[in-house]
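Remarks on the structure that follows.
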There are 2 protein chains.
Amino acid sequence: MLTKDFLRDRHRSELTKDDIAALESSISEVKDYGARETLIRAGERVRQSTLLLEGLMCRYMDDRQGERQLVAVHVAGDFVDLHGFPLRRLDHDVATLTEVRLAFVPHGKLLEIVAERPNLTRILWFSTLIDAAMHREWIFRLGRLNAYGRIAHFFCEIDAKLQAVNRSDGHHFPLPINQNDLGEACGMTGVHVNRILRQLREEGVMTFRGGEVAILDRKRLERIAEFDPHYLYLDENDPDRN
Amino acid sequence: MLTKDFLRDRHRSELTKDDIAALESSISEVKDYGARETLIRAGERVRQSTLLLEGLMCRYMDDRQGERQLVAVHVAGDFVDLHGFPLRRLDHDVATLTEVRLAFVPHGKLLEIVAERPNLTRILWFSTLIDAAMHREWIFRLGRLNAYGRIAHFFCEIDAKLQAVNRSDGHHFPLPINQNDLGEACGMTGVHVNRILRQLREEGVMTFRGGEVAILDRKRLERIAEFDPHYLYLDENDPDRN
DNA sequence: CGCAGCCTTGAAGTAAATCAAGGATTGTGG
DNA sequence: CCACAATCCTTGATTTACTTCAAGGCTGCG
């Protein structure tokens, strides 16, 4: 079941068995890629969309000096560029962060789904709007939080997303990216990321070393981040989950 | 024709007459509101969506100290909270900036459209994704531009959007908001906005006084902003338009 | 072994926030 | 018609957060 992580913990129950079968059968190909490959360039005409099965991807834009700003980080189960179907061309680049396994869905199949499956269509639409909600939270993070809060927020978000697809236990998880990537996501220099990580470590809130995250004091981390996971539209879940 | 500005200059031609008629007839009510009223609160269940016919609106989130971060500014023709249809509840507040005229579309009607009109559905979906593209550009603006660039970018964007619905001639247009609003959109204090506006004025780039914008040197403004309107997904337009 | 990539830390410089005080403009009630 | 309040704009002085520049250390790998 290639689509098993798609919308997992997010209203997946509203998909009928037929819907899931239709989605599953719309996949044309599964392929592996290496870390740090750019798969789609801004402005290109896109004719298929990409479901991320395993690994980490990102979307980003460059400024005039070529400095990157990440606009999204994706985990297993994310339909990375489903928005490319209605948009036809993207306004940003799409790249892998780690080694990944991808499934591709041709836009012709999506056209059929829109014509024949209103329920699945509404839920695919929903899934692209979760990305928009995360964009809004990133705007908030960049506009209103200081470096300390921005870094904390990043880790809260990625942990929540990984937990939803069972890739984090809420205390410890692998995140094979470097401090510079973190800076590109949070709008600051790699040097400053380093200092903030030291502060978080020294205060016993969390650690990030060698691509491994350990959350030591979740409450504190979430307070620093002003984190409230509502914007992720996860199913109401067991409050004692962790 | 209440929907005449919806997707104006943005693939509106892909809508058939029937699609437009269906959309038009899905409007249940038209109503006026005053400036600075909050219409929807984050977390509320929403059962209709709002088409902005005239005036300015915004969407925003508050931080713990109650400071606002705007996440979007809307102009005539924008379907402000169409994303509330698939999402059911919003992760942010929706408010008016100026006096506005609004048209409401019940979600029941949208369900019918999704069931019966795949073409219109795809284009409604498209319209919500333009908002996501603008969110991404805001992330870029906040993460990579300094105050000078951020303010310049804000004015480039709002001008482009207003031009698309014929509310700006590209040189001069009304924008009845204050310097503090600008700060809330661009992630900086009102005081600093004031200093940046002075700089833009003294350098002959643009002026913003008494709710009126005058663009004096568009090329320079766009260079300061690193502005490229691709992300607005406007129809390819007459390059000599201005 | 030696290089490359990444992390770490210090020192100095800069952009923006904060604090504070007036000034202009608009609206309002006496 | 004028006093006065409210709101918004403007500017200066100081502080703070973050960047930039620079150097060196660690780790894994060919």
Side-chain angles (χ1 to χ4, degrees), chain A residues 34-36 56 63-69 97-99 141-154 174-203 206-214 224-226, chain B residues 34-36 56 63-69 97-99 141-154 174-203 206-214 224-226:
Chain A
R36 295 177 190 276
L56 289 175
D63 69 7
R64 202 180 294 122
Q65 300 98 283
E67 295 291 317
R68 270 187 193 191
Q69 174 63 47
L97 283 168
T98 66
E99 294 188 344
R141 172 163 102 195
L142 290 168
R144 282 290 164 260
L145 302 184
N146 62 16
Y148 197 48
R150 294 209 292 275
I151 292 289
H153 191 284
F154 179 89
L175 189 73
I177 65 176
N178 64 37
Q179 295 183 0
N180 213 49
D181 298 328
L182 222 47
E184 289 174 350
C186 296
M188 66 185 88
T189 60
V191 173
H192 200 52
V193 168
N194 184 280
R195 295 189 226 267
I196 298 293
L197 287 174
R198 170 159 57 142
Q199 198 184 339
L200 286 165
R201 192 185 328 125
E202 285 174 357
E203 292 179 344
M206 61 161 290
T207 65
F208 174 60
R209 308 195 79 126
E212 294 279 330
V213 177
I224 292 164
E226 303 197 14
Chain B
R36 295 177 190 276
L56 290 174
D63 70 8
R64 202 182 292 121
Q65 299 98 283
E67 297 289 318
R68 271 186 192 192
Q69 174 64 47
L97 284 168
T98 66
E99 294 187 343
R141 174 162 101 195
L142 291 169
R144 282 289 165 260
L145 302 183
N146 62 15
Y148 196 48
R150 295 209 291 277
I151 292 289
H153 190 283
F154 179 89
L175 188 74
I177 66 178
N178 64 38
Q179 295 183 357
N180 215 49
D181 298 327
L182 222 47
E184 289 174 349
C186 296
M188 66 184 90
T189 60
V191 172
H192 200 53
V193 169
N194 184 280
R195 295 189 227 265
I196 298 293
L197 288 175
R198 171 161 55 143
Q199 198 184 340
L200 286 166
R201 194 186 324 125
E202 286 174 354
E203 293 179 344
M206 60 160 292
T207 65
F208 174 60
R209 309 197 77 127
E212 295 278 331
V213 176
I224 293 164
E226 303 197 13

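Note that the structure is a prediction, hence the values are computed from the model and not measured. Order of the sequence lines fixes the chain letters, A, B, ..., with proteins taken first and strands second; residue numbering starts at 1 for each chain.
Taking atom CG of Asn178(B) as the reference point, atom P of dT26(C) lies 14 Å away to the nearest angstrom. Rounded to whole Å, the distance from CG on Asn180(B) to C1' on dT7(D) is 11 Å. Here dC18(D) presents its P atom at 14 Å from CG of Leu197(A), a figure rounded to the nearest Å. As rounded to whole Å, 13 Å separates atom P of dA15(C) from atom CZ of Arg150(B). Rounded to an integer number of Å, the gap from Asp181(A) CG to dG5(C) C1' is 12 Å. Here the C1' atom of nucleotide dG12(D) and the CZ atom of Arg198(B) are 10 Å apart, to the nearest Å. Atom CG in Asn194(B) sits roughly 14 Å away from atom C1' in dA16(C) (whole-Å rounding). Spacing between atom NE2 of His192(A) and atom C1' of dT16(D) amounts to 11 Å, rounded to whole angstrom units.
Closest to the side chain of Arg201(B), out of dC7(C), dT10(D), dC8(D), is dT10(D). Side-chain atoms of Met188(B) lie closest to dA17(C) of the nucleotides dA17(C), dG12(D), dT9(C).
Residue Asn146(A) is in sugar-phosphate contact alone, with no base atom involved, counting any heavy-atom pair closer than 4.0 Å across all strands shown.
Within the structure, every pair that satisfies the side chain to side chain donor-acceptor pair (under 3.5 Å) test and touches residues 174-191 of chain B, not counting sequence neighbours, is listed here: Arg36(B)-Asp181(B), Gln179(B)-Asn194(B).
Between Gln179(B) and dT7(D) there is no side-chain N or O to OP1 or OP2 distance below 4.0 Å. For Thr189(A), a side-chain nitrogen or oxygen approaches OP1 or OP2 of dT19(D) to under 4.0 Å.
Put simply, the side chain of Arg195(B) and the base of dT18(C) share a donor and an acceptor less than 3.5 Å apart.
Expressed to the nearest 0.5 Å, how far CZ of Arg141(B) lies from CG of Asp63(A) amounts to 15.0 Å. Between atom CE of residue Met206(B) and atom CD1 of residue Ile224(B) there is a gap of 10.0 Å, rounded to the nearest 0.5 Å.
Within the 4.5 Å cutoff, side-chain heavy atoms of Phe208(B) are placed close to those of Ile177(B).
Under a 3.5 Å cut-off, the side chain of Arg150(A) and the backbone N or O of Leu145(A) do form a donor-acceptor pair.
Both Arg36(B) and Val191(B) lie close to DNA chain D; mapped to their nearest nucleotides by heavy-atom distance, the more 5′-ward contact belongs to Arg36(B).
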